[in-house]
Peer 1: 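Pasting a structure below so you can have a look.
Quick caveat, the model's predicted, so the values are computed rather than measured.
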Amino acid sequence: MASIASIGAARAPGAAEGCLLGIICTPSSPSPSPSPTSGGGTGTGTGSGGGGLGGLLGGGSSSDPQDNAGGLPPVPLVASPDDSMTFTLPAAQLGGSSISFGSIPVVSLVTVPLKDGSRTTVIRLQASSVTINDFVLDVRKTAGGDSGVTTSRQMVLSGHVSAYIDSATATLPGGLGLTLGADTPLPGDELPQTLLGVHLGLVGVISDRMTMTPSHLVVTQGH
């Protein structure tokens with residue numbers, strides 16, 4: 001039987017003793033939300049064009065023709081440090097039929113420490129809560145190696161949620177596809193509060209509370 005501890009990320013000092021496969025953690029002493037001022041969205045619920053994601057969702061137009069020409073107005077790829085937790089790579093694979101944010105998610109680019117002493121650049125999504133339906137989390141270090149797969153009809157994270165991802169694909173409410181990566185320009189406006197058909201390269205998550213109804217874990221030894 002594979003060891004669960006050998007599959008997930010490394011916890012930083014002060015992190016919770018109980019983490020889901022070392023990836024989704026709930027610190028024992030909730031800390032204030034990290035400042036959303038660095039990076040992408042503002043979290044105010046308004047933005048240029050009035051439509052979110054540079055007009056991709058409709059409902060407005062920008063006075064700058066470059067904003068409309070490319071769909072997503074790029075923002076500078078300047079990452080600020082975030083030392084909330086120490087992680088390992090590769091990222092886990094998280095999937096769900098939908099993901100809903102309890103507040104307008106704030107998107108920013110940050111660098112986080114890795115267990116080997118280096119740092120990597122990731123996208124940080126911050127919200128008051130996150131609900132994922134038909135949740136699947138697949139954690140493995142190498143192809144064909146030990147793996148841990150957790151499934152749940154619904155997984156809810158609440159309180160100071162910060163999700164660290166290196167990639168994301170989803171479908172917007174209007175039917176258009178969305179792709180994000182840590183090495184591509186982030187949307188210059190806020191994400192919608194619901195996305196469909198979500199697939200995330202999940203480096204880690206920190207929140208105050210986590211509930212799963214129900215949950216099932218399968219740990220498999222590699223070849």
Side-chain angles (χ1 to χ4, degrees), residues 23-24 36-79 90-110 120-138 151-158 161-205 207:
I23 296 292
I24 301 176
T37 56
S38 61
T42 62
T44 60
T46 61
S48 62
L53 291 174
L56 273 184
L57 303 184
S61 60
S62 170
S63 59
D64 187 343
Q66 291 185 347
D67 285 354
N68 295 327
L72 292 177
V75 296
L77 293 178
V78 178
Q93 299 303 305
L94 186 152
S97 60
S98 67
I99 182 170
S100 299
F101 300 95
S103 59
I104 295 174
V106 178
V107 186
S108 54
L109 203 63
V110 299
T120 190
T121 302
V122 297
I123 299 169
R124 182 180 64 195
L125 303 175
Q126 295 174 288
S128 60
S129 65
V130 174
T131 300
I132 303 174
N133 292 318
D134 303 313
F135 169 86
V136 178
L137 179 66
D138 186 336
T151 58
S152 176
R153 185 178 70 253
Q154 184 178 82
M155 192 270 283
V156 179
L157 298 166
S158 54
V161 181
S162 292
Y164 302 85
I165 65 175
D166 64 9
S167 63
T169 60
T171 301
L172 299 171
L176 293 177
L178 171 69
T179 300
L180 295 177
D183 57 352
T184 59
L186 298 180
D189 207 344
E190 71 277 358
L191 286 172
Q193 286 185 243
T194 299
L195 297 170
L196 306 175
V198 178
H199 296 277
L200 304 178
L202 185 66
V203 179
V205 175
S207 71

Peer 1: Closest heavy-atom contact between D166 and A91?
Peer 2: OD2-CB, 3.5 Å
Peer 1: Determine whether T171 and L195 satisfy the following criterion, side-chain contact (heavy atoms from CB on, under 4.5 Å), listing intermediate values before the conclusion.
Peer 2: CA-CA 6 Å; T171 301; L195 297 170; over 6 Å; no
Peer 1: Rounded at 0.5 Å granularity, tell me how far CD1 in I132 sits from OG in S98.
Peer 2: 9.0 Å
Peer 1: Might you work through the side chain to side chain donor-acceptor pair (under 3.5 Å) test for R124 and S108, ending with a clear yes or no?
Peer 2: CA-CA 5 Å; R124 182 180 64 195; S108 54; 3.3 Å; yes
Peer 1: Side-chain contact test, heavy atoms from C-beta onward, threshold under 4.5 Å: evaluate it for V107 versus I123 and give yes or no.
Peer 2: yes
Peer 1: Atom CG of L202 and atom CD1 of I165: how far apart are they, to the nearest 0.5 Å?
Peer 2: 8.0 Å
Peer 1: Give me the atom names and distance for the closest heavy-atom approach of L137 to F135.
Peer 2: CB-CZ, 3.5 Å
Peer 1: Are the side chains of I104 and V106 in touch, meaning some heavy atoms are under 4.5 Å apart?
Peer 2: no
Peer 1: Looking only at non-hydrogen atoms, find the nearest pair between F101 and P192 and report the distance.
Peer 2: CD1-O, 3.9 Å
Peer 1: Are V156 and V130 side-chain neighbours, meaning at least one heavy-atom pair lies under 4.5 Å?
Peer 2: no
Peer 1: As a quick check of understanding, evaluate side chain to side chain donor-acceptor pair (under 3.5 Å) for N133 and S97, giving each step before the final call.
Peer 2: CA-CA 6 Å; N133 292 318; S97 60; 5.1 Å; no
Peer 1: Report yes if some heavy atom in the side chain of L125 is under 4.5 Å from a heavy atom in the side chain of Y164; otherwise report no.
Peer 2: no
Peer 1: Are any side-chain N or O atoms of S103 and backbone N or O atoms of S128, one a donor and one an acceptor, separated by less than 3.5 Å?
Peer 2: yes
Peer 1: Measure the CD-OG distance between Q126 and S207 for me, rounded to the nearest 0.5 Å.
Peer 2: 13.0 Å
Peer 1: Can you see which heavy atom on Q193 is nearest to which on P105, and at what distance?
Peer 2: CG-CD, 4.3 Å
Peer 1: Within this structure, what is the CG-CG distance for the pair L180 and L178, rounded to the nearest 0.5 Å?
Peer 2: 4.5 Å
Peer 1: Measuring from atom CG of L172 to atom CG of L196, what distance do you get when rounded to the nearest 0.5 angstrom?
Peer 2: 8.5 Å
